[in-house]
Amino acid sequence: MTQNIVKVAVIGFGYWGPNMVRNFNAQTNGEVLYVADFREERLRVAEQLYPAIKTTKSPDQAILDVEVDAVVIATPVFTHFELAKKALEAGKHVLLEKPMVTTSEEAEILINLAEQKQRILMVDHTFLYTGAVQSIKRLVDSGMIGKLQYIDSTRINLGLFQPDVNVLWDLAPHDISILNHLTDEKPYSVQATGVSHTNNGIENIAYLTMNYESNIIAHFNCSWTSPVKIRKFLIGGDQKMIVFDDTEPTEKVRIYDTSYHYTEKRSDEEKRRVLVDYRVGDIQIPKIPMIEALSGVAADFIAAILYQKQPLSDYVSGINVIKVLEASQLSIKNGGKEVKVSYW
Ligand SMILES: NC(=O)c1ccc[n+]([C@@H]2O[C@H](COP(=O)([O-])OP(=O)(O)OC[C@H]3O[C@@H](n4cnc5c(N)ncnc54)[C@H](O)[C@@H]3O)[C@@H](O)[C@H]2O)c1
């Protein structure tokens with residue numbers, strides 16, 4: 001590492017890789033040295049955009065170059081493990097795209113390797129770095145919405161059918177990582193159902209329910225087959241409720257001063273009726289800093305390397321998302337049966 005500049009190789013220059021290159025190059029302490037991709041046409045695009053960056057069809061060439069300090073992996077999920085393992089073995093710091101890998105065994109191997117080599121292993125849970133989620137985290141931590149009761153997320157659009165993972169592995173890492181960030185409590189079990197409308201058996205629509213000891217319930221609806229794009233995340237507290245709509249250009253977060261009160265004392269005549277008082281108050285829209293989340297991801301990764309600290313979206317966050325996804329997969333296979341989740 002020269003003059004505290006972290007030199008980065010980005011593997012994978014498809015849809016997401018270019019965003020990584022742009023954001024790492026924009027960091028004062030970061031510089032992209034290499035872009036590696038199997039596809040010639042993607043390398044030509046990278047060369048046009050960044051004439052100073054070396055390009056290669058060989059991920060090994062980029063990973064093993066002594067000048068490279070850190071490797072950012074933005075390739076399809078099934079390639080993450082081998083590429084990250086090679087990079088860690090070569091003594092490089094690694095930032096992996098979500099989801100971290102395809103099994104918790106693979107995640108554990110990478111974690112042990114990172115610890116043994118004393119290298120940073122981070123996962124890009126992008127949403128933790130958005131102004132919206134940071135604002136929601138402050139609201140939840142401040143106690144403003146009261147006791148957390150439910151989370152209800154809809155993440156659907158006409159999305160790219162992934163060849164290697166189902167829609168939950170593709171989209172739910174966002175929701176699971178947000179939820180694990182908002183509350184220290186982890187779900188003890190999950191139930192999931194899903195369906196594949198293609199002949200490869202990979203579910204393109206799936207529903208995941210996460211159960212918590214403290215009576216919180218979370219439900220995620222994920223689909224690649226919706227005609228409209230919906231990115232709505234509801235957080236219900238017993239005092240107030242928050243709606244995070246990521247399709248809104250600016251006013252993404254709304255706090256509803258809405259709650260209900262269940263009346264305990266009931267006369268004999270009232271016993272058959274549920275007595276609930278509703279309170280509907282104002283709606284507040286907090287000001288949210290317009291920052292690009294990936295810029296925060298790149299800055300956190302570089303700072304973790306330079307100052308030897310764990311990033312916010314660390315490997316614990318990565319593997320615990322994988323644990324929930326594995327349990328969900330098992331549940332789908334067993335027709336929605338409840339499956340307990342064990343954490344790292
Ligand atoms: N954080 C987010 O919000 C977000 C958004 C989109 C995608 N992603 C993640 O980014 C990753 C990549 O997704 P994408 O949509 O960019 O995929 P993509 O298919 O568009 O791009 C992947 C690129 O990697 C290249 N590639 C594949 N295997 C390779 C290898 N072994 N060595 C070198 N190059 C290789 C392919 O040629 C392709 O150009 C996935 O893990 C995905 O989940 C994250």
Side-chain angles (χ1 to χ4, degrees), residues 8-24 32 34-47 49 53-65 68 71-87 90 92 94-103 106-107 110 122-130 132-133 153 155 157-178 181 202 222 224 229 231 233 246-247 292-298 300-301 311-313 317-318 321-322 325:
V8 175
V10 176
I11 317 290
F13 199 74
Y15 164 60
W16 202 244
N19 297 328
M20 284 295 192
V21 175
R22 181 169 48 77
N23 278 285
F24 271 95
V32 179
Y34 267 104
V35 165
D37 198 298
F38 284 160
R39 292 190 290 160
E40 280 285 354
E41 71 271 22
R42 296 308 300 161
L43 297 181
R44 299 294 85 82
V45 174
E47 284 158 10
L49 289 169
I53 294 179
K54 297 180 202 172
T55 60
T56 175
K57 277 179 90 172
S58 157
D60 285 10
Q61 187 188 338
I63 290 170
L64 300 175
D65 191 308
V68 168
V71 177
V72 175
I73 299 171
T75 53
V77 188
F78 73 95
T79 66
H80 287 185
F81 175 68
E82 286 303 334
L83 289 167
K85 185 163 169 283
K86 194 166 278 175
K92 314 294 177 174
V94 171
L95 169 58
L96 267 171
E97 251 321 312
K98 64 83 201 161
M100 185 181 187
V101 277
T102 53
T103 67
E106 289 177 347
L110 295 183
M122 176 172 168
V123 180
D124 174 23
H125 289 149
T126 322
F127 274 88
L128 305 194
Y129 295 84
T130 58
V133 171
S153 170
R155 197 173 287 280
N157 64 312
L158 208 53
L160 266 184
F161 281 59
Q162 301 294 324
D164 51 347
V165 287
N166 75 11
V167 70
L168 277 187
W169 283 78
D170 185 36
L171 300 180
H174 296 310
D175 301 298
I176 301 165
S177 61
I178 294 173
H181 180 55
I202 294 179
C222 296
W224 292 319
K229 181 169 180 168
R231 296 283 187 267
F233 195 92
D246 203 25
T247 60
E292 185 174 354
L294 268 190
S295 168
V297 171
D300 199 19
F301 184 52
L312 171 66
S313 185
S317 162
V321 167
I322 300 298
L325 291 170

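Ligands are counted one by one from 1 in listed order, and the atoms in each one are counted from 1 as well. Throughout, residue positions are numbered sequentially from 1 according to the sequence presented.
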### Set of residues satisfying ring pair (Phe, Tyr, Trp, His ring centres under 6.0 Å) with respect to Phe161, sequence neighbours excluded
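With neighbours one apart ignored, the set is Trp224.
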#### Entry: Residues which pass side chain to side chain donor-acceptor pair (under 3.5 Å) with Arg44, listed by chain and number, not counting sequence neighbours
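In terms of side chain to side chain donor-acceptor pair (under 3.5 Å), with neighbours along the sequence ignored, Arg44 is linked to Glu40, Glu47.
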### Message
Applying the ring-ring contact (aromatic ring centres under 6.0 Å, His included) criterion to His174, which one of Phe127, Phe233, Trp169 satisfies it?
### Response
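The passing option is Phe127.
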### Query
Does Ile53 reach the side chain of Val10, with side-chain heavy atoms less than 4.5 Å apart?
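No - every pair of side-chain heavy atoms lies 4.5 Å or more apart.
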### Message
Side chains of Gln162 and Ile202, heavy atoms from C-beta outward: is any pair under 4.5 Å?
### Response
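No, side chains not in contact.
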Check: every ligand 1 N/O to protein N/O pair under 3.5 Å:
| from | atom 1 | to | atom 2 | distance (Å) |
| --- | --- | --- | --- | --- |
| ligand 1 | 1 (N) | Glu97 | OE1 | 3.2 |
| ligand 1 | 1 (N) | Asp124 | OD2 | 3.4 |
| ligand 1 | 1 (N) | Thr126 | OG1 | 2.7 |
| ligand 1 | 16 (O) | Tyr15 | N | 3.2 |
| ligand 1 | 16 (O) | Trp16 | N | 2.8 |
| ligand 1 | 20 (O) | Tyr15 | N | 2.9 |
| ligand 1 | 34 (N) | Phe38 | N | 3.4 |
| ligand 1 | 37 (O) | Asp37 | OD1 | 2.6 |
| ligand 1 | 37 (O) | Arg39 | NE | 3.3 |
| ligand 1 | 39 (O) | Asp37 | OD1 | 3.2 |
| ligand 1 | 39 (O) | Asp37 | OD2 | 2.7 |
| ligand 1 | 39 (O) | Arg39 | NE | 3.2 |
| ligand 1 | 39 (O) | Arg39 | NH2 | 2.8 |
| ligand 1 | 41 (O) | Thr75 | O | 3.3 |
| ligand 1 | 41 (O) | His80 | NE2 | 3.2 |
| ligand 1 | 41 (O) | Lys98 | O | 3.0 |
| ligand 1 | 43 (O) | Lys98 | O | 2.8 |
| ligand 1 | 43 (O) | Lys98 | NZ | 3.1 |

### Task
Identify, with sequence neighbours excluded, every residue that meets ring pair (Phe, Tyr, Trp, His ring centres under 6.0 Å) alongside His80.
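His80 satisfies ring pair (Phe, Tyr, Trp, His ring centres under 6.0 Å) with no residue once adjacent residues are dropped.
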